[in-house]
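Scroll down for the structure; my scribbles are underneath it.
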Amino acid sequence: MTRNAATRDGYGQALLDLAGNEKVVVLEADLGKSTKSLHFRKAHPERTVSCGIGEQNMLLVGAGLASSGFIPFASTFAIFTERAFEQMRNGIARPNLAVHLCGSHGGTHTGTDGSSAQSIEDLAVFRTLPNVIVLHPSDDVSTRLLTMQLAETNAPSYMRTARNKTPVLYDDMDPSAIQIGKGIELMDGKDVAIIACGVLVSESLKAAEMLQKEGIHATVVDMHTLKPLDGKLIEALVQRCGALVTAEDHNVIGGLGSAVAEYLVSNIMAPLEMVGVKDRFGESGQADEMLDLMEISSEFIAKAAKRALSRK
Amino acid sequence: MSKSVAELQEMARKCRVEIVKMVHRAQAGHPGGSLSEIDLITALYATRMRIRPQEPKWPDRDRFILSKGHASPGMYSILAEMGFIEHEDLKSYRVLGGICQGHVDMKWCPGVDFSAGSLGMGLSFGMGCAVAARLENSNRRAFVMLGDGEMQEGSIWEAAMAAAHHELGNLKVILDRNRIQNDDFCEEQMRMFDIPAKWKSFGWNVKEIDGHNMSEILEGLDFLEAEENCNGPSILIAHTIKGAGVSYMENNPSFHGAAPNDEQFHQAMIELGEVEA
Ligand SMILES: Cc1ncc(C[n+]2csc(CCOP(=O)(O)OP(=O)(O)O)c2C)c(N)n1
Ligand SMILES: [Mg+2]
């Protein structure tokens, strides 16, 4: 039986696991129940700072704490992290203060709240900031491990988590295989490589199974770290497969697809098909309905793989 | 325009029934803040707003901006009562392709003038509408509904300062002071101390009312419209109960953004006088 879980739960668990480090503090902006920092708040109210509904203030409070030697973890919905973009830019990234920002409920997969809540640009905007690590894990196990690693890094970060449950991929995985900056190969095939992040990793695995029935063998990679990007792995994938697909619940402009494309044009050329939200806003719908409406579910990933193959 | 207090109360009751039905059907959404605001919105729409439901884009209409856009079931229910949309449309709340999106959206639903969902944005937008009315020598007004948790956003205070600076007498705010936000009571999340004093010190005309007492609400709306209060922006601070009208939702932070189950739904319909016990 596959277990289903939401990545935001992995984040909440990691904060609890990190609580032994007295320097770890948690910042909230009235969404702790949703981002799952509430567990830390319950266990350690003295190290939890409620900032009310005030994301801009929250980020710079984090910067002040980081400059004083603390390790702040701040969270809100992915979409509302964007409201504090310039605080992140000038107050955190520029002085390179290790504030860890988590945006939950990312992407169109977040569902019926509708377009105002469906961030499709968060990965893009934070990827443009020097010094900032950008993560978008695919399951609760990897979210937990990556969050815990963040506490050890000396750089600011942005991590997107998802609201809704998806299949857990790493219950049986050796934890040392899950490292910031290293993509994870989940399936091995020589015809085409699908590089995905977040909720589209499990969709990509489904796509690979569909392709297998047609005799097409796909490699599937969980590229949970968008920045710094695992260029070595991309190079290996190009050499092995000769054609790539990226898949993300994010605008095709600026996200994982763009990151891979940027790498390819400067290093090693190969056909690339980018599966992502086609520069449009979402609407209210169930998570699975949204993936179909945005044309980013498994069948669209499989189709893109065939297009990439045909361009070899 | 001339509706009795009893008629308004009945209208608000019907809206409450629709609010609970919408959230129950969708098994998602925000009942608490919809039920706290509904008496205020009902009185505003039924007795004050200069609108033409058959011509939702009439340029000289008063604007209503639901800045706390998650409380959309409340707004959709009154739009249906006023005839902007059909009661049947309420079934499209949070359904793919439906005009009743999770958060009110001017691109989707007739009668909605502001695409909300991100808190702290509606007052600035309302100020823009008020400035536009002034530039066009129109006597239309902009009414903005704010949440109390929402008031914690810094942008609210940028707008509050600017609106007073520009003496926008055609900008009128109603604050749904239900004392609860998403995670908890405001008192736990972020204390706001003397709210009327804050607005007064920003240069606003301020009045406090009981936001569930229909006669007081009408007096409050009189205050917003009074000639002597059109020298600058005005705010009605309405003390309300989050979840008002459904006992188990009242003053309960859990029903900020959660739907009732079937049993709770049935109980709500009894309490709202829709079905017999
Ligand atoms: C900028 C922003 N931050 C966070 C949220 C998430 N959120 C939605 S409703 C809510 C609480 C709102 O409380 P309040 O304004 O008091 O509304 P009400 O009690 O009337 O429902 C929060 C934090 C949001 N919509 N926008
Ligand atoms: Mg409130």
Side-chain angles (χ1 to χ4, degrees), chain A residues 27-39 41-42 45 48-61 75-84 87 105 108 110-119 163-164 280-294, chain B residues 22-23 25-30 68-70 72 92-109 114-121 146-158 180-192 253-254 256-259:
Chain A
L27 308 187
E28 295 188 330
D30 196 29
L31 283 173
K33 275 198 223 166
S34 309
T35 69
K36 297 300 172 191
S37 63
L38 84 163
H39 305 303
R41 185 211 312 163
K42 278 198 190 121
T48 306
V49 185
S50 166
C51 297
I53 309 176
E55 298 80 9
Q56 301 177 57
N57 182 51
M58 174 171 73
L59 281 202
L60 293 175
V61 170
S75 65
T76 177
F77 285 176
I79 193 76
F80 306 128
T81 66
E82 294 172 22
R83 189 193 203 93
Q87 277 79 2
H105 294 53
T108 64
T110 204
T112 67
D113 271 346
S115 61
S116 70
Q118 297 166 348
S119 65
R163 174 188 191 275
N164 294 313
R280 58 160 290 189
F281 289 109
E283 60 179 88
S284 290
Q286 301 297 333
D288 51 344
E289 290 176 332
M290 290 314 299
L291 298 191
D292 284 334
L293 183 74
M294 295 294 130
Chain B
M22 268 182 268
V23 175
R25 227 184 267 119
Q27 277 302 297
H30 298 87
K68 38 170 268 188
H70 57 280
S72 55
S92 79
Y93 174 59
R94 289 181 176 256
V95 172
L96 191 71
I99 65 170
C100 294
Q101 292 284 301
H103 292 77
V104 289
D105 195 315
M106 65 194 285
K107 288 283 176 204
W108 284 84
C109 188
F114 175 62
S115 292
S118 181
L119 296 169
M121 294 196 175
L146 295 181
D148 49 359
E150 176 179 25
M151 245 179 54
Q152 295 157 6
E153 282 288 357
S155 54
I156 290 294
W157 301 101
E158 296 177 18
I180 293 176
Q181 46 195 96
N182 182 72
D183 277 354
D184 207 340
F185 287 86
C186 303
E187 201 61 16
E188 300 297 322
Q189 288 293 297
M190 183 58 59
R191 287 173 296 159
M192 289 177 278
S254 311
H256 164 75

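All of these numbers come straight from a predicted model, not from anything done at the bench. Chain letters run A, B, ... following the sequence lines, proteins first, then strands; residues in each count from 1. Computation of the quantities below employed the complete heavy-atom set of this structure, encompassing side-chain atoms and omitting hydrogens, waters and symmetry-equivalent molecules.
At a threshold of 4.0 Å, the pair B/D184-A/K33 does not count as salt-bridged, since none of the basic side-chain nitrogens sits closer than that to a carboxylate oxygen.
With values rounded to the nearest 0.5 angstrom, B/Q152 atom CD is found 7.5 Å from A/S50 atom OG. The CZ atom of A/R83 sits 4.0 Å away from the CD atom of B/E153 when rounded to the nearest 0.5 Å. Distance CG/A/L31 to CD/B/Q181: 9.5 Å, rounded to 0.5 Å.
Across all their heavy atoms, B/N182 and A/S34 have their closest contact at ND2-OG, 4.0 Å. Nearest heavy-atom pair across B/S118 and A/F80 is OG-CE2, 3.5 Å. Residue B/A116 comes nearest to A/S116 through the heavy atom pair O-CB, 3.5 Å, listed as atom of the first residue, atom of the second, then distance.
In B/R191, the CZ atom is not crowded: 12 or fewer heavy atoms of neighbouring residues, nucleotides or ligands sit closer than 6.0 Å. No more than 12 heavy-atom neighbours from other residues, nucleotides or ligands sit within 6.0 angstrom of CZ on A/F281.
Of the listed residues (B/H30, B/R94, B/H103), just one forms a side chain to side chain donor-acceptor pair (under 3.5 Å) with A/D113, and that residue is B/R94.
Applying the side chain to side chain donor-acceptor pair (under 3.5 Å) rule to A/S119 yields the partners A/D122; only residues at least two apart in sequence or on another chain are considered.
In this structure the side chain of A/R41 reaches within 4.5 angstrom of the side chain of B/D183, judged on heavy atoms.
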Show me the side-chain donor-acceptor pairs of residues 282-290 of chain A shorter than 3.5 Å, one per line, residues at least two apart or across chains.
from, atom 1, to, atom 2, distance (Å)
A/E283, OE2, B/G97, N, 2.8
A/S284, OG, A/T112, O, 2.9
A/S284, OG, B/Q101, OE1, 3.4
A/S284, OG, B/G102, N, 2.8
A/E289, OE1, A/Q286, N, 2.9

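Only the side chain of A/L293 comes within less than 4.5 Å of a heavy atom in chain B; its backbone stays farther off. Looking at B/S115, neither its backbone nor its side chain comes within 4.5 Å of chain A, counting heavy atoms on both sides.
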